[in-house]
Amino acid sequence: INNLIQNKFIINYHRISNENIDDPLSVSIKTFENQIKLLNKEFNIVSLDKILEKKSNNKKYLAITFDDGYKDNLFNAIPILEKYNAPATIYITTRFLEGKCEMWWYELKKFLGERDTISFEFNNKHYLFNLETDSLKNKSFEKISLLFKKLKYDDQNYLLQVITNNKNRIQYRNEMLNADDLMKIKDKTIITLGAHTHNHISLAHFDKNECLNEIKTSKNKIENIINQKVNHFAYPYGGNEDIGNKDPDLVKSAGFTSAVTTQINLFENYQNYLLPRIYISEKDVGKLLILKLSFIYKVYYFFRFRLFKFF
C-alpha cells in the first residue's frame, strides 16, 4: 500500500500579499511564513527537479510552485523562501512581461462586486445575473468564467468590453513581474523559472497548432530573457476541463520535462506531464495545512469533488 499512497506533494500558490486582503489567490506574508516554517519541519522541501527524481519511500517530499508571475513573488515570497532554504518554481505567463497585463478574472470580479445585477448579449445569447448577495456574485463569476475560458486573449478583452460597456481595460502592470525582475530572480539559486503559456488560455478549447504556439512562445521568451533553459510548464487553470488529451504530448514535444495541473489525484501519479498539485490558501494553517497534505485529504477530495460530481 505504501507504493500507492502519495508521499510526494506539489503545492500551488499565486500571490503573497503585504496584508490579508480579500483575494482567494492571495496569502498574507505572515501566514505564508508560518506555512513555510511548518512545512519545513514536516517535509523535505526540494526543487521540482529533485521531487521528480525521488522514489516513493517513507520520507515525505514537497515542492512549492507559484502561478502567473506576480511581482510580490519577488519581494514578499522569495525572502521567506530564502530564510528557510525552501526551493520553489515560479511559472510565468509571458504576455505580462510585455506589458499586456489585462487580467479578466480580476476585472470581472471587481465589476460584479460593484453591482446588484448585470445583463449583456454575447454570441447571439442574452445573459442576466442577479448579484444582490456575495453568494450570487460568486456563482455568477463562476458561470461567466466558463465563457472566458473558451476564448482567445483578444476575444476575452472584447467580452470584458461587452460586459462592462467600456473599451478601456484595467492594466495590472505594477502587480506583475517584468523582464528586469526575471533577471533578478534567475540569480536566486533556490528559484526555478517555468512557463505558463503566453496568453494564459485554457488549452483544451483550442486546436493543436494554437496550443503549441502558446506553449513554445512562453518557453522561448523566458529563455531569451534569462539565457537559461526552461524545463517546467504549468497548464493555465489546470483543471480536467482545461487540459485536452493532446496537450501533454504537445508540452513534451516543446521540450519540457514536466507539466503541473491543479488536479488532485488519489494515488501516486508518475505521469510527468500531468503532475497533481494542491492549492494552499490563507485558511490553510497549522493542523489543517498538514491534514490537507495527507492521504486523508486526497480520499476526501476524490469522493467529494471527483466521484460524486458525476451523480
Side-chain angles (χ1 to χ4, degrees), residues 12-15 23 25-26 65-74 89-110 145 147-164 166-186 191-239 242-244 247 250-251 254-256 259-260 262:
N12 174 218
Y13 290 96
H14 285 82
R15 310 191 61 181
D23 179 0
L25 297 181
S26 182
T65 66
F66 296 81
D67 284 1
D68 299 343
Y70 293 94
K71 194 178 286 285
D72 54 42
N73 293 179
L74 171 59
T89 299
I90 301 175
Y91 297 103
I92 306 296
T93 299
T94 47
R95 73 169 165 84
F96 297 148
L97 300 175
E98 300 175 345
K100 298 176 181 177
C101 296
E102 301 91 346
M103 303 175 78
W104 66 260
W105 50 97
Y106 276 133
E107 184 168 351
L108 177 64
K109 195 82 170 180
K110 180 178 184 295
S145 293
L147 296 178
F148 279 95
K149 284 188 177 185
K150 296 178 181 179
L151 301 175
K152 299 178 183 179
Y153 164 61
D154 289 337
D155 294 329
Q156 289 174 346
N157 283 339
Y158 175 70
L159 178 54
L160 274 176
Q161 176 182 327
V162 170
I163 293 172
T164 64
N166 186 342
K167 293 183 178 180
N168 298 316
R169 303 276 57 80
I170 298 176
Q171 294 292 328
Y172 295 89
R173 294 188 184 94
N174 293 335
E175 299 181 45
M176 308 310 296
L177 295 168
N178 56 41
D180 290 338
D181 295 328
L182 289 199
M183 292 301 292
K184 297 175 184 176
I185 292 174
K186 80 163 191 172
I191 301 298
T192 299
L193 289 170
H196 198 38
T197 71
H198 183 61
N199 286 306
H200 200 282
I201 62 170
S202 179
L203 296 176
H205 298 101
F206 301 94
D207 65 36
K208 177 179 177 180
N209 290 333
E210 290 173 314
C211 292
L212 192 57
N213 181 61
E214 282 283 333
I215 294 166
K216 284 186 173 181
T217 296
S218 61
K219 187 178 196 296
N220 293 338
K221 285 184 178 294
I222 299 170
E223 289 179 341
N224 288 338
I225 291 171
I226 66 175
N227 196 29
Q228 295 175 0
K229 191 172 182 181
V230 173
N231 295 317
H232 304 292
F233 180 82
Y235 299 99
Y237 313 108
D242 301 303
I243 304 169
D247 297 328
L250 293 179
V251 173
F256 291 96
V260 293
T262 57

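Since the model is a prediction, treat every value here as computed from it, not as a measurement. Residues take their numbers from the sequence shown, with the count starting at 1. Computed over heavy atoms, backbone and side chain alike; hydrogens, waters and symmetry mates excluded.
- Looking at residues two or more places apart in sequence or on another chain, you find a side chain to side chain contact (heavy atoms under 4.5 Å, CB included) between Asp181 and Lys71, Leu74, Leu177, Asn178, Lys184.
- Scanning for side chain to side chain contact (heavy atoms under 4.5 Å, CB included) contacts around Glu210 gives Lys152, Phe206, Asp207, with sequence neighbours left out.
- No cation-pi contact links Lys219 to Phe233, judged by a cut-off of 6.0 Å to the six-membered ring centre and 45° from its axis.
- When the shell of 6.0 Å around CG of Asn174 is examined, it contains 12 or fewer heavy atoms from other residues, nucleotides or ligands.
- Atom CG of Asn199 is separated from atom CZ of Arg95 by 5.5 Å, given to the nearest 0.5 angstrom.
- Between the side chain of Asn73 and the backbone N or O of Gly69 there is no donor-acceptor pair closer than 3.5 Å.
- A heavy-atom distance below 4.5 Å is not found between the side chains of Leu159 and Trp104.
- Thr217 meets the side chain to side chain contact (heavy atoms under 4.5 Å, CB included) test with His198, Asn213, Lys221; sequence neighbours excluded.
- The two residues Ile243 and Gly238 have their closest heavy-atom pair at CD1-O, 3.7 Å.
- A donor-acceptor pair under 3.5 Å is formed between the side chain of Arg173 and the backbone N or O of Gly99.
- Side-chain atoms of Asp72 and Tyr70 form no donor-acceptor pair, as typed in the model, at a separation below 3.5 Å.
- Using the six-membered ring where Trp is involved, Tyr13 and Phe66 have ring planes that are parallel, under 30° apart on the 30 and 60° scheme.
- Classification of the Tyr91-His196 ring pair by plane angle, with boundaries at 30° and 60°, yields tilted.
- Shown here is Lys100, whose NZ atom has no more than 12 heavy atoms of other residues, nucleotides or ligands within 6.0 Å.
- Here the closest heavy-atom approach between residue Asp247 and residue Cys211 is recorded as OD1-SG, 3.9 Å.
- For Glu102, the side chain to side chain donor-acceptor pair (under 3.5 Å) criterion is met by Tyr153, Gln171, not counting sequence neighbours.
- Closest approach of Ala234 to Asp67, counting heavy atoms only: CB-OD1, 4.1 Å.
- Contact detail for Val251 and Ala259: the closest heavy-atom pair is CG1-CB, 3.9 Å.
- Residues satisfying the side chain to side chain donor-acceptor pair (under 3.5 Å) criterion with Tyr235, sequence neighbours excluded, are absent altogether.
- In terms of the side chain to side chain contact (heavy atoms under 4.5 Å, CB included) criterion, residue partners of Thr164 (sequence neighbours excluded) are, by chain and number, Glu107, Phe111, Asn166, Arg169.
- Minimum interatomic distance between Asp68 and Met176 (heavy atoms only, all atoms of both residues): O-CE, 4.1 Å.
- Across all their heavy atoms, Leu151 and Ile201 have their closest contact at O-CG2, 4.1 Å.
- Between Trp105 and Tyr237, the two ring planes are perpendicular [angle over 60°; tilted spans 30° to 60°].
- Within the 4.5 Å cutoff, the side chain of His200 has no heavy atoms near those of the Glu214 side chain.
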